[in-house]
Each structure stands twice: as C-alpha cells, then as structure tokens.
Amino acid sequence: MLAVRRAVFFVLVMVLATVLVALAACAVAPGGVTTFEWLTLIAFAGTAPWTALCGANALIGLALLLGARDPARAVLPALAHTAPGLPRAHTAIAVCIRNEDMAEVLPPLRRLVCGLAEAGAEARFTLWFLSDTRDTATAIAEEAAIRTIPGARYRRRADNSGFKAGNVMEFLDHHAGEAEFMICLDADSEMSAEAVLRLVAIMEADTKLAIVQQLIVGRPASAAFPRLFQFGMRAGMRAWATGQAWWQADQGPYWGHNAIIRIAPFRQHARLEPLPDGSPILSHDQVEATRLTHAGWKVMALPIEDGSMEGNPPALPEFMARDMRWGAGNMQYWALLKLPRLTALGRWQLVQAILLFAGTPLWTLALLFAVLNAATGGGLGTDSAWLAAAMAGCWACIHAPKLCGYAEVLLKPGLAARYGGRARFLRGAAAELLFTTLLDPVSTFNKALFLAVLPFRRLRGWAPQNRADRGVGWGDAARLLWPHTLFGALCFALVPVAAWPWLAPWALGLVLAVPFCVMTSSPGFSARLRSRRVAATPEELAQNQ
C-alpha cells in the first residue's frame, strides 16, 4: 500500500513538472528558439522538480483534508489508539536557550506548567532549560529568572561544541535521568498542556515511534511582516504536511522543536559526528531523523496545529538572516548524501532540503536570461497565451500549499469562523498573496546571492537572534537591500516597456524591496492592518477577545 502511495506521488510530481516545462517550451517555440531562450528553459527546467513537489504535496493534502473523516488519523495511525488519562512515562521538556530575553521566553512556559498542573500531570514532567549562553552575567540573570518557575531546572554548558545538537545530546547523556521522552522546544516555542499530553499519549500507543513532529503555527504578533507571513504559512503547512505524511508515512520530517522524542533510540542512533572537513553539522534535525529511520524506528508527522506555536521573524532583515542560517545548514547535506546509515527515503529528505535553496540560483538565472532575451529582441516571437499559461501554472504550483489551505478553510463548514468570518479571511488571504508576491523575488535573489558567496565563507554556527518586533529605518533597509533593488531596476531598464507586465511578478518586489521592508516593519502600518481586520489568525483573535 505504501509503495502505491509513493508511486502515485512520484507520477504526480513528474506529470506536473513535465506540464510546466512543456508550457514554457510552447511559449518560446514560435519563430525559433534563441540562445537566451534555451538557457532560460534549461534553468526553468531545473526548478521544475521543487515546483512540482509543492503542487503534488498540496493536492494530496487537500484531498485528504476534504475527503478523509479524520485526516490526522489517516496519516498517523497511533493517534487512533491514544486514550485519555495521565501519562505513564516521565517526560523532560527541554528548552534550548542562548542569549535570550527571558521576559519573552518564560510566560508561555509558565502557562504550560500551569496547564499540566491543572490536568494533574505535573509529576510526569520536568521543565529543563539547556543554556548555551557564553556570557557569565547573562547566564546568572537567566538562572535567576528561571528560578521563578517552581520545579524548573537550569543547565549551562561550559563547552558549546556541536551547537544545538550538541547541547541536546549532552543533556540526554548526563541530565535526562529516568525520563523516557523529551519534548524539545526552542526559545520562541509555545505548546499547550493538551498538545503535550497528546504527543505523550501517541508515543505510549506505539512503542516503535522515535519522533512525532507536530505542526507549528505562528504566535500572535503585532508587526505586519510576521502577521502576513504566518497567515499564509499556517494554511500552507496544513496541506503540505498532510500530503507529505500520506506518502512518507513513518519516514517523515523532524524540524528540531515542538516535537516529542523517545530518548533511548535518539541517544543511541542520532549522535552526530563532524563532517569530513571537521565542521559540525548545523541543520541537525533532518539528519537525526534519517539516522533513526535507518535504524528501524519511526519518525512521523502529526498534521494537527492546535496548541503548537513559534515566533516568526519580526521583519525582513531577520527573515533573510534565518533563511541564510537554514541555507548554510542545508547545503552541508551534499557531504552527507554519500555517507552510510541513510535509507533511500532518508537521502531523498536531504535532497528535498537541498532543493529548497539550490533552486534559487536557477530562478535568478532564468530571470536574467529572459531579460537578456527581451533586451536583444529575442522575445518577439513568444506566444503570449502559452507564456501566460506557463506563468500561471508555475505560480499555482509554488503557492499550491497555501492555496489549498485557503480552499480548505472556505470549503469546510465552521473553519472560516475561527478567522473572524469568511469576509475577514478572504481579506487576509488577498493581503497575504500580495505580500508574498513582493516578498518572493527578494527572498529568492537573496538566497542566490548567499549561495554564490557561501563556498568562500567559514561557518561558525548560529548567531543570537532578534525576536522582538521592531521598525526598520530607510537607511538600514537601503544598506541591506541595495543589491536587490539595483538588480530589479536593471531588469526593468533592459526590457521594452511592453514586457513590463510579464516581468512584474518576478522582479517588482526587487524594485520595491526597500519600501516593502520599511512598511511591513512599521508600527503604523501594522496598526492599520489590525484596524481594518486583515490577516488575523485564530490565536490572535482569541488573544484579543
């Protein structure tokens, strides 16, 4: 049965990729294909696998979300065997921190501890803070703040080897005690007691589960950037994760937080050695998952979002910095593909993570070649109808996860009410799609720039992250985004004015990068969004009631 599911998914991906490339080929075929058109087609074909994968995951996910009586149980059978009641095993709730503002970190954890106490389950859990803070004064303040939570424990490493993966493994080796499970949280994570108890019950129902990764949605935010970003991400992840879980089954993803881990197999099989060049593995989570599945353990996704949240980047600069951290880690996977202790699907998981970033230089090259083709008069024979079909098909596949998520909200009775009603939801979806249309070119070009210089940089791990809402000044935005703006302006300057409507979806965001950055971080713009009841998530509505 699982082999059939994977065959269906593979065929769907191939069909979508073939259709996209065929549409693009039909668009440039009239009048003969120029050299720049061939180069554009080759670069575009290189992006097609990831684009088609987005579409296939989303379509399967939407079919399950609309057609299955209980989509979560359809992809995670252990959920059907969970029983209410107190957990039998002991669970460590481990929060990884490094130079964090504890005034922001602690409130959601206090709510979690209180929720577990109200459920009568507090004796089955221990809250741990795993600190990698290097500054002694900051560490003293951390420990003092943590003491205000009864029963919470604090452990600070003297040696930060292995970064987060090393932090977690050192805790498991020396401090986890008799705990059978660990729920791993980041400093900006938030989970409800109900979500935590559900994860423990799932693990107790299936003793071969090593990791269960729950969906994660954005915490309520005041700034426009995270509110718009997480509105679309929430819808997209629901469809994507459900579709992916359907064909990946027990060889699913691990995202490093808001997940439950069975400690014994994780300690035995997920210990990460340095890369061949001696550097530590940065994007550790998916490597740990593939090691466990190779050893015969299950790693599965729970496509339920309730009670699981994280903070999203408060502005475009932090978003770009996060992308670069991920990109640096994911590009290390090239060195891991040839190593042992990986299943075939485990290798595919790493390839999929590589494709997320490796396609961005190809998108940038496709745009550049198309611009040069138009600038040299090579686009005169392009068939407008076929080109429109190719662009629409590509756009639909790339955004299929969120489009399918929006369709689920509109088609399922009662879901739109969680967002404040159908009209408010549609306003939020329209605003998010405009936001994404401007963000995507900036993000794509930035990833391409980063990958171009990555081979010449030495990676030193993650820098502390800014998680607080803030405005971005015009000067700061210009200093950060002038290469993006310049490239976009050159694209428009080189092509005839008649081609600008075709260019706009791929390059307008670059030209507007600086005002986009300033506006979406502006407190005034954010206040106008809220006053007009745009892009509100269920958590934000609940918080404001």
Side-chain angles (χ1 to χ4, degrees), residues 7-60 62-63 243 352 355-356 358-404 407 433 436-437 440-441 443-445 448 487-488 490-510:
V8 169
F9 177 76
F10 176 77
V11 170
L12 184 54
V13 169
M14 294 303 296
V15 168
L16 290 174
T18 301
V19 168
L20 291 174
V21 175
L23 289 173
C26 289
V28 301
V33 182
T34 68
T35 299
F36 282 128
E37 285 173 339
W38 274 117
L39 292 172
T40 303
L41 273 176
I42 292 170
F44 180 77
T47 68
W50 175 257
T51 306
L53 187 143
C54 291
N57 266 334
L59 290 172
I60 293 172
L62 180 62
Q352 181 174 273
L355 287 175
L356 176 62
T360 56
L362 294 175
W363 276 117
T364 304
L365 287 173
L367 173 61
L368 178 61
F369 293 143
V371 166
L372 293 175
N373 185 61
T376 56
L380 298 176
T382 301
D383 187 294
S384 298
W386 283 114
L387 180 58
M391 291 177 65
C394 185
W395 182 88
C397 278
I398 289 174
H399 298 293
K402 68 179 67 175
L403 294 174
C404 289
L433 289 172
T436 301
T437 299
D440 279 353
S443 176
T444 299
F445 183 70
F487 182 72
L490 286 174
C491 288
F492 278 99
L494 288 173
V495 304
V497 174
W500 284 11
W502 300 104
L503 179 61
W506 314 110
L508 183 61
L510 294 168

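All figures in this text were calculated on a predicted structure; none of them were measured in a lab. For the numbers below, each heavy atom of this structure counts, side chains included, while hydrogens, waters and symmetry mates do not.
For the atom pair CG (Leu403) and CD1 (Ile398), the distance works out to 11.0 Å, reported to the nearest 0.5 Å. With rounding to the nearest 0.5 Å, the separation of CG in Leu23 from OG1 in Thr18 is 10.5 Å. Rounded to the nearest 0.5 angstrom, Thr382 OG1 and Glu37 CD are separated by 5.0 Å. Interatomic distance, CE of Met14 versus CG of Leu12, reported as 11.5 Å (0.5 Å rounding). Note: Phe369 CZ to Leu362 CG = 9.5 Å, rounded to the nearest 0.5 Å. For the atom pair SG (Cys394) and CH2 (Trp363), the distance works out to 3.0 Å, reported to the nearest 0.5 Å.
Nearest approach of Trp386 to Cys26, heavy atoms of both residues: CD2-CB, 3.5 Å. Heavy-atom minimum distance, Ile60 versus Phe9: CD1-CD1, 3.8 Å.
In this structure the side chain of Cys397 reaches within 4.5 angstrom of the side chain of Leu20, judged on heavy atoms. With a 4.5 Å cut-off on side-chain heavy atoms, Val28 and Thr40 do not count as touching. Using a 4.5 Å heavy-atom cutoff, the side chains of Phe487 and Leu367 are in contact. You'll find the side chain of Leu387 stays beyond 4.5 Å of the side chain of Asp383, heavy atoms only.
With sequence neighbours excluded, the residues that form a side-chain contact (heavy atoms from CB on, under 4.5 Å) with Ser443 are Phe319, Asp323, Lys447. Among residues two or more places apart in sequence or in another chain, the side-chain contact (heavy atoms from CB on, under 4.5 Å) test is passed with Val495 by Val371, Ala374, Ala499, Trp500, Leu503.
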Quick one: side chains of residues 46-59, donor-acceptor pairs under 3.5 Å with protein atoms, not counting sequence neighbours, listed by atom name and distance.
from, atom 1, to, atom 2, distance (Å)
Thr47, OG1, Phe44, O, 2.7
Thr51, OG1, Thr47, O, 3.0
Asn57, OD1, Trp247, NE1, 2.9

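For Trp502, the CH2 atom is densely surrounded, since the number of other residues' heavy atoms within 6.0 Å is greater than 12.
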